[in-house]
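Structure below; questions to follow.
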There are 2 protein chains.
Amino acid sequence: MVTEAQNIILQNIARHITLTEAEASHFLSLLTVQNVSKKQFWLKEGEICRHSAFVFEGCLRGYTVDANGFEHILQFAPPNWWISDMYSLLTGNPGQLMIDALEPTRIMLLAKSDQEQLYKDIPKFERFFRIITENSLVANRQRVIDAMSLTARERYEQFCQRYPTLINSIPQKQIAAYIGVTPEFLSKLRSIRNKAKG
Amino acid sequence: MVTEAQNIILQNIARHITLTEAEASHFLSLLTVQNVSKKQFWLKEGEICRHSAFVFEGCLRGYTVDANGFEHILQFAPPNWWISDMYSLLTGNPGQLMIDALEPTRIMLLAKSDQEQLYKDIPKFERFFRIITENSLVANRQRVIDAMSLTARERYEQFCQRYPTLINSIPQKQIAAYIGVTPEFLSKLRSIRNKAKG
DNA sequence: TACTTCCAATAAACTAGATTAAGAAAATCC
DNA sequence: GGATTTTCTTAATCTAGTTTATTGGAAGTA
């Protein structure tokens, strides 16, 4: 008996590697489901991150808080995305990332220790995580480039194109904290854009 | 007979995986050495990147050129670093990265096709590239955070701490193009800093 | 030796985006 | 369903960093 949630994660993995039934069921046995209610934290600054999380319902956000108390969003994690504080996960040191839920969210957890054992038991997973890490790195590098070479307006346009579904489902202040402007300035950008459109 | 250059790359790999002699020599047989003279391009915008490059002498830089002709440096690659246009390498599409040499440089090339075959022949390499990609991702994420939450002065201080050897070996305008300010403003930052130091 | 090219420093004018403040609209909560 | 909190908008003022321009020095080169 495979649940809907388990189906979603198996589909996600099938995009890059092919598992036997035995391998799939072994993998599923390592996962635990967790509910994160709206605004609830899954991880806080200073904590040690010991799991990778796969979102299958809702939406998480990963962000840092700077010296002046401003939030800067590193990642949104809607369904089908993996999220963690990778620095903390890899090093075992306390991280600086805060991860909380923008709406009622359901995730599946894979403990770091289980993940490492999984690499030994089913080396294909080494491949799977290599590939999604590569894709993530490409996206992150593009974000560094965009931050340096685009204006705030252009970054907003980019965001609209790249994440059309998020635009209507999350508050604007969250988008502002992702593209790196104040909510006030984003509001100004939008009003100018709307005037231009008639 | 193992050359000095081959020794360097084997050491680099030994930090994460252990190879038998046969595996090491197979791996080395896939590599080709290339010299890149100062200011010479290894890769240009619009080209398709078909190799990963490992620097064992000199220094490369990867950068983009924006709509106004300004350069933005994504990565310096001093000895012991890997560099490529990963977007282009993964997708097979033309990339936007320019890669050239800041000084006379020597690299070892691993073709994408060979790299993929290597994953099949010696799965340990899947692990090796997963790990260095993870480390690279962590560094890139930190750079996104820094770009959003630090001032230009703070980003300069960070750079000095993080890459103390580069500070004295590359022109300041290159550092400015990395931390995301104009050379003029970096000069101003430095003069204020020097006054403060007496 | 002069010729050129590249690099760093300085300064005044300028602008994208931040800050501050205040009100309107929406969502959330008893 | 009314109170309360959160989100969005508008507008005036302010500032970190850019732009433009000029100078002097260092390094390569004929």
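Letters A, B, ... are given to chains in the order of the sequence lines, protein chains preceding strands, and every chain is numbered from 1.
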Over 12 non-hydrogen atoms of neighbours within 6.0 angstrom of CZ in B/F41: yes
Shortest non-hydrogen separation from B/E103 to B/C59 and the atoms involved: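 In terms of heavy atoms, the two residues are closest at CG-N, 3.6 Å.
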Under the criterion side-chain contact (heavy atoms from CB on, under 4.5 Å), I'd like the reasoning laid out for A/R143 against A/L74: C-alpha separation, chi angles, the key distance, then a yes or no. CA-CA 10 Å; A/R143 195 167 168 202; A/L74 200 58; 4.3 Å; yes
What residues join B/V2 in its hydrophobic cluster, counting side-chain heavy atom gaps under 4.5 Å, either direct or through other members? none
Contact list for DNA chain C against residues 147-157 of chain A - heavy-atom distance below 4.0 Å: A/T151, A/A152
Rounded to the nearest Å, what distance is computed from the CZ atom of residue A/R190 to the P atom of nucleotide D/dT7? 15 Å
Whole-Å gap separating P (C/dA18) and CZ (A/F185): 6 Å
Donor on one side chain, acceptor on other, B/Y178 and B/R61, under 3.5 Å: no
When the rotation axes relating C1' atoms of four end pairs to the next four are compared across the helix from C/dT1-D/dA30 to C/dC30-D/dG1, five pairs an end, they differ to 10° by 50°
Identify the two heavy atoms, one from A/S52 and one from A/L89, that lie closest to each other, and give their separation to 0.1 Å. OG-CD2, 3.5 Å
Worked verdict on B/V33 versus B/F56 for side-chain contact (heavy atoms from CB on, under 4.5 Å): CA-CA 10 Å; B/V33 170; B/F56 63 91; 4.2 Å; yes
Using the ring of each side chain (for Trp, its six-membered ring), is A/F76 parallel, tilted or perpendicular to A/F159, with breaks at 30° and 60°? perpendicular
Roughly how many Å is it from CG in B/L102 to P in C/dC6, rounded to a whole number?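 Rounded to the whole Å, the gap is 15 Å.
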Work out which heavy atom in A/W42 is nearest to a heavy atom in A/C49; give both atom names and the distance. CH2-SG, 4.4 Å
Distance in angstrom units between A/L189 CG and C/dA18 C1', rounded: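 Atom-to-atom, A/L189 to C/dA18, this comes out as 13 Å.
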Salt bridge or not for A/R130 and A/E134, using N-O below 4.0 Å?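 Yes.
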Determine the interplanar angle of the A/F129 and A/Y119 rings, folded into 0 to 90°, and report it as parallel if under 30°, tilted if 30 to 60°, perpendicular if over 60°.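 Perpendicular: the ring planes of A/F129 and A/Y119 meet at over 60°.
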With a 4.0 Å heavy-atom cut-off, tell me which residues in residues 162-182 of chain A come close to DNA chain D, sorted by residue number.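 Those residues whose heavy atoms fall under 4.0 Å from DNA chain D, taken from residues 162-182 of chain A in numerical order, are A/P171, A/Q172, A/K173.
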Scan residues 64-79 of chain A against DNA chain C and write down, sorted by residue number, each residue with any heavy atom closer than 4.0 Å; if none is found, say none. A/F70
Can you name the nearest heavy-atom pair linking B/F27 to B/L10, along with the distance?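 Residues B/F27 and B/L10, closest heavy atoms: CD2-CD2, 4.3 Å.
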Contact summary for A/D100 and A/K39, nearest pair of heavy atoms: CB-O, 4.3 Å
Whole angstrom is fine here: how far is it from NZ in B/K39 over to P in C/dT5? 11 Å
Quick check: are there more than 12 heavy atoms from other residues, nucleotides or ligands sitting under 6.0 Å from NZ of B/K173?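 Check fails, neighbour count at 12 or below.
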For A/P183 and B/L186, take the nucleotide of DNA chain D holding the closest heavy atom to each; which residue's nucleotide lies nearer the 5' end? A/P183
Of the non-hydrogen atoms in B/D85 and B/Q96, which two are nearest, and what is the gap between them? OD2-N, 3.4 Å
Determine whether B/L28 and B/I9 satisfy the following criterion, side-chain contact (heavy atoms from CB on, under 4.5 Å), listing intermediate values before the conclusion. CA-CA 9 Å; B/L28 291 177; B/I9 198 169; 4.0 Å; yes
Would you mind building the protein contact string for nucleotides 20-30 of chain C? One character per nucleotide, 5' to 3', B for base within reach (heavy atoms under 4.0 Å), S for sugar-phosphate only, - for untouched. BB------S--
